[in-house]
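Below is one structure, written out as structure tokens; comments come after it.
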Amino acid sequence: MANFSKSNVPQFSVDVYQNEYLPDGGREVNAIVTVTATGGGTVGTAVGASYAPGQGPSAGVAIMVDCSGSMDYPPTKMRNARDATAAAIDTLRDGTHFAVIGGTHVAKEVFPGGGRLAVADRTTRDQAKQALRKLSAGGGTAIGTWLRLADRLLSSADVGIRHGILLTDGRNEHEAPEDLKAALDSCAGRFTCDARGVGTDWEVKEVTGIASALLGTADIVADPTGLAADFTQMMETAMGKEVADVALRLWTPVGTTIKFVKQVAPTVEELTGRRTEAGPRAGDYPTGSWGDESRDYHVCVEVPTAGLGQEMLAARVSLIVPQPDGSVQNLGAQGLIRAVWTDDMVASTSINPQVAHYTGQAELAQAIQQGLDLRKAGDMDGATAKLGRAVQLASASGNADTAKLLAKVVDVVDAATGTVRLKAKVAEADEMTLETRSTKTVRVKK
């Protein structure tokens with residue numbers, strides 16, 4: 001956490017899309033809240049560019065590279081991981097604090113060592129790349145130990161933004177699931193983390209669970225030769241972040257309750273259970289770090305009933321950044337969610353296009369995950385029904401990327417009705433790609 005001056009924080013705006021009209025006795029209010037940050041100015045910054053003091057955000061990055069024995073099968077995998085890490089190091093902005101961690105059943109400091117972070121410049125980038133040559137494969141996998149070391153190293157520097165990049169090629173077999181969960185609970189809110197699975201021998205739910213808990217992205221790199229491009233893109237995005245620890249603050253009047261809050265674009269991410277209380281009738285929902293970008297959130301509020309013609313404020317949305325002294329910095333953007341009771345049936349029964357779209361996108365993600373789980377369990381009829389519904393939803397919403405991934409797992413007979421047949425043979429990489437990317441959404445067509 002850090003105190004940000006106006007000069008280095010993007011300008012945030014909040015837009016609310018909803019149908020505020022409720023029928024007589026209606027209590028549920030749904031709204032899509034679009035949060036946009038503009039003017040941060042670092043997205044697309046040239047690789048290796050430096051900032052004059054005070055112009056760029058202070059950042060710390062820990063790169064966690066799987067060095068377990070399986071990274072030697074085939075041997076090119078380890079070499080690609082070294083090359084990808086070197087590419088990421090080349091992308092670091094001058095002045096960024098960074099470290100490289102080698103992960104097996106224990107976590108080791110590869111660079112710079114001594115329980116600290118290095119500061120990126122031409123010399124330290126070259127030294128880090130020299131140190132990468134010593135990386136070799138051998139040992140097991142205990143990802144919780146990697147994350148805890150990353151947390152210790154990142155907390156050793158006084159930086160505003162802390163970020164991790166984690167690469168694994170296998171399952172987390174050398175620690176109990178509760179140990180990984182405890183590590184994630186410990187690290188949540190302290191740094192964000194992007195997670196990547198390379199090859200096809202890792203567990204999708206582990207990798208996506210890490211990214212979800214630490215408010216980062218998850219993806220598959222089925223072919224290790226694609227790692228360098230992926231790592232470069234991840235690091236460029238990390239270098240574009242201007243402000244950390246942004247929270248969506250929801251205030252509600254007496255008698256009103258928040259039923260759920262979820263991010264719905266660019267991916268579906270459940271936030272309801274992450275609420276922290278923020279005074280009377282207010283709660284904060286974490287959103288992580290921001291650069292120049294826009295995200296959508298679905299907020300569902302239950303209000304007390306009121307008479308026809310009456311209206312009320314159902315919730316007030318604002319954006320805050322917690323400060324080290326316990327205070328908060330308000331980012332100045334606000335949106336209002338309203339409720340109006342009417343006997344106009346047309347007004348009260350029409351569904352806002354944004355709400356309808358994202359309700360479908362959330363159902364699409366769930367249908368894919370359920371369908372793949374049923375397929376693995378041998379319930380082919382259930383899998384066909386769920387994946388057919390997913391095809392129908394992807395087609396209706398224009399989610400072409402997800403539709404293409406689905407077509408590698410099912411033969412589509414009629415997309416509009418969701419009529420499909422399961423393919424007899426599916427490449428493991430295709431199934432894992434669909435599962436890993438199932439939560440990616442498309443925005444409403446304007």
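Values in this document were obtained by computation on a predicted structure and should not be read as measured data. By convention here, the first residue in the shown sequence is residue 1.
To the nearest 0.5 Å, atom CZ of residue Arg389 and atom CD1 of residue Ile368 are 12.0 Å apart. Going from atom CD of Glu270 over to atom OG1 of Thr272 covers 3.5 Å, rounded to the nearest 0.5 Å. The CD atom of Glu173 sits 8.5 Å away from the CD atom of Glu206 when rounded to the nearest 0.5 Å. One distance of note links SG of Cys300 with CD of Gln18; it measures 11.5 Å at 0.5 Å rounding. Atom-to-atom distance recorded for Trp146:CH2 and Leu166:CG is 5.5 Å, nearest 0.5 angstrom. Between atom NZ of residue Lys262 and atom CD of residue Gln361 there is a gap of 12.0 Å, rounded to the nearest 0.5 Å.
Glu175 contributes a side-chain N or O that, together with a main-chain N or O of Ile143, makes up a donor-acceptor pair within less than 3.5 Å. Of the possible donor and acceptor atoms, one in the side chain of His357 sits under 3.5 Å from a partner among the backbone N and O of Val442. With Thr91 contributing its side chain and Ala87 its backbone, the two residues share a donor-acceptor pair below 3.5 Å. Under a 3.5 Å cut-off, the side chain of Thr441 and the backbone N or O of Val264 do form a donor-acceptor pair. Side chain of Thr96 to backbone of Arg93: a donor-acceptor contact under 3.5 angstrom is found. In this structure, Gln392 contributes its side chain and Ala416 its backbone to a donor-acceptor pair below 3.5 Å. A donor-acceptor contact shorter than 3.5 Å links the side chain of Ser155 to the backbone of Asp151. Arg249 places no side-chain N or O within donor-acceptor distance of the main-chain N or O of Ile320, the cut-off being under 3.5 Å. Without hydrogens or angle criteria, Ser186 side chain to Ala182 main chain gives no donor-acceptor distance under 3.5 Å. No side-chain donor-acceptor contact under 3.5 Å links Arg316 to the backbone of Gly335.
Two residues are said to be in side-chain contact when any heavy atoms from C-beta on lie closer than 4.5 Å; Ile165 and His163 meet this criterion. Put simply, the side chain of Leu250 reaches to within 4.5 Å of the side chain of Val261, judged on heavy atoms. Contact annotation: the side chain of Thr34 never approaches that of Tyr297 to less than 4.5 Å [non-hydrogen atoms, C-beta and beyond]. Val243 has its side chain within reach of Pro10: a pair of non-hydrogen atoms, C-beta onward, lies under 4.5 Å apart. Put simply, the side chain of Val65 reaches to within 4.5 Å of the side chain of Met78, judged on heavy atoms. Taking the side chain as every heavy atom from C-beta outward, Pro266 and Arg295 approach each other to under 4.5 Å.
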Kindly indicate, with the supporting measurements, whether the criterion salt bridge (charged side-chain N to carboxylate O under 4.0 Å, His left out) is fulfilled by Arg122 and Asp126.
CA-CA 6 Å; Arg122 181 176 295 178; Asp126 286 345; over 6 Å; no

Are Asp296 and Arg443 close enough, and set up right, to give a salt bridge (charged side-chain N to carboxylate O under 4.0 Å, His left out), and what steps lead you there?
CA-CA 8 Å; Asp296 294 331; Arg443 303 194 91 164; 2.6 Å; yes

If you apply the rule side chain to side chain donor-acceptor pair (under 3.5 Å), what do you find for Ser438 with Gln369, and how did you get there?
CA-CA 7 Å; Ser438 62; Gln369 289 158 13; 2.9 Å; yes

Before you tell me yes or no, could you show the steps for Thr267 and Thr439 under side chain to side chain donor-acceptor pair (under 3.5 Å), namely the whole-Å CA-CA distance, both residues' side-chain angles and the distance that decides it to 0.1 Å?
CA-CA 5 Å; Thr267 58; Thr439 59; 4.9 Å; no

Determine whether Val35 and Leu319 satisfy the following criterion, side chain to side chain contact (heavy atoms under 4.5 Å, CB included), listing intermediate values before the conclusion.
CA-CA 9 Å; Val35 178; Leu319 298 169; 3.6 Å; yes

Start with the C-alpha gap between Val100 and Thr85, add the side-chain angles, then the distance that decides, and say whether side chain to side chain contact (heavy atoms under 4.5 Å, CB included) holds.
CA-CA 8 Å; Val100 179; Thr85 306; 4.3 Å; yes

Test side chain to side chain contact (heavy atoms under 4.5 Å, CB included) applied to Arg421 and Val413, step by step
CA-CA 7 Å; Arg421 286 190 297 267; Val413 179; 3.6 Å; yes

Could you go through Cys187 and Leu214, starting from their C-alpha distance and side-chain angles, then the distance that decides it, and tell me whether this counts as side chain to side chain contact (heavy atoms under 4.5 Å, CB included)?
CA-CA 7 Å; Cys187 296; Leu214 302 182; 3.9 Å; yes

For Thr225 and Asp223: C-alpha separation, side-chain torsions, deciding distance, then whether side chain to side chain donor-acceptor pair (under 3.5 Å) applies.
CA-CA 5 Å; Thr225 59; Asp223 182 350; 2.9 Å; yes

Please lay out, stage by stage, how Glu363 and Thr359 fare under the test side chain to side chain donor-acceptor pair (under 3.5 Å).
CA-CA 6 Å; Glu363 186 191 345; Thr359 300; over 6 Å; no

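Taking the ring-ring contact (aromatic ring centres under 6.0 Å, His included) definition, one finds that Tyr285 meets it with nothing, sequence neighbours left out. With sequence neighbours excluded, no residue forms a ring-ring contact (aromatic ring centres under 6.0 Å, His included) with Trp202. Under the rule for a ring-ring contact (aromatic ring centres under 6.0 Å, His included), His174 has no partner lying at least two apart in sequence or in another chain.
In this structure, the ring of Phe260 has its center less than 6.0 angstrom from the ring center of His298.
Here Glu431 pairs with Arg375 in a salt bridge; the nearest charged N to carboxylate O distance falls below 4.0 Å. Between Asp90 and Lys129 there is a salt bridge, since a side-chain N of the basic residue sits under 4.0 Å from a carboxylate O of the acidic one. Salt bridge status for Lys386 with Asp379: absent, with no side-chain N to carboxylate O gap under 4.0 Å. With salt bridges taken as basic N to acidic carboxylate O contacts below 4.0 Å, one links Glu293 and Lys241. The pair Asp121-Arg125 does not count as a salt bridge, with every side-chain nitrogen at least 4.0 angstrom from each carboxylate oxygen.
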Identify each donor-acceptor pair in which a side-chain atom of residues 103-117 lies under 3.5 Å from a protein atom, sequence neighbours left out, and give them as a table.
residue : atom : partner : partner atom : Å
Thr104  : OG1  : Val106  : N            : 3.3
Thr104  : OG1  : Val106  : O            : 3.2
His105  : ND1  : Gly140  : N            : 3.1
Glu109  : OE1  : Gly114  : N            : 3.3
Glu109  : OE1  : Gly115  : N            : 2.8
Glu109  : OE2  : Gly115  : N            : 3.4
Arg116  : NE   : Gly113  : O            : 3.4

Going by atom type alone, with no hydrogens or angles, which donor-acceptor pairs under 3.5 Å involve a side-chain atom of residues 66-75 and a protein atom two or more places apart or on another chain?
residue : atom : partner : partner atom : Å
Asp66   : OD1  : Ser68   : N            : 2.8
Asp66   : OD1  : Ser68   : OG           : 2.7
Asp66   : OD2  : Thr168  : OG1          : 2.9
Asp66   : OD2  : Asp169  : N            : 3.0
Ser68   : OG   : Ser70   : OG           : 3.3
Ser70   : OG   : Asp169  : OD1          : 2.9
Ser70   : OG   : Asp169  : OD2          : 3.0

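When only modelled atom types and interatomic distance are considered, Ser397 and Asn399 share no side-chain donor-acceptor pair under 3.5 Å.
Note on residues 209-221: pairs passing side chain to side chain donor-acceptor pair (under 3.5 Å), not counting sequence neighbours, are Asp194-Thr217, Arg196-Thr217, Ser212-Glu269, Ser212-Arg274, Asp219-Arg437.
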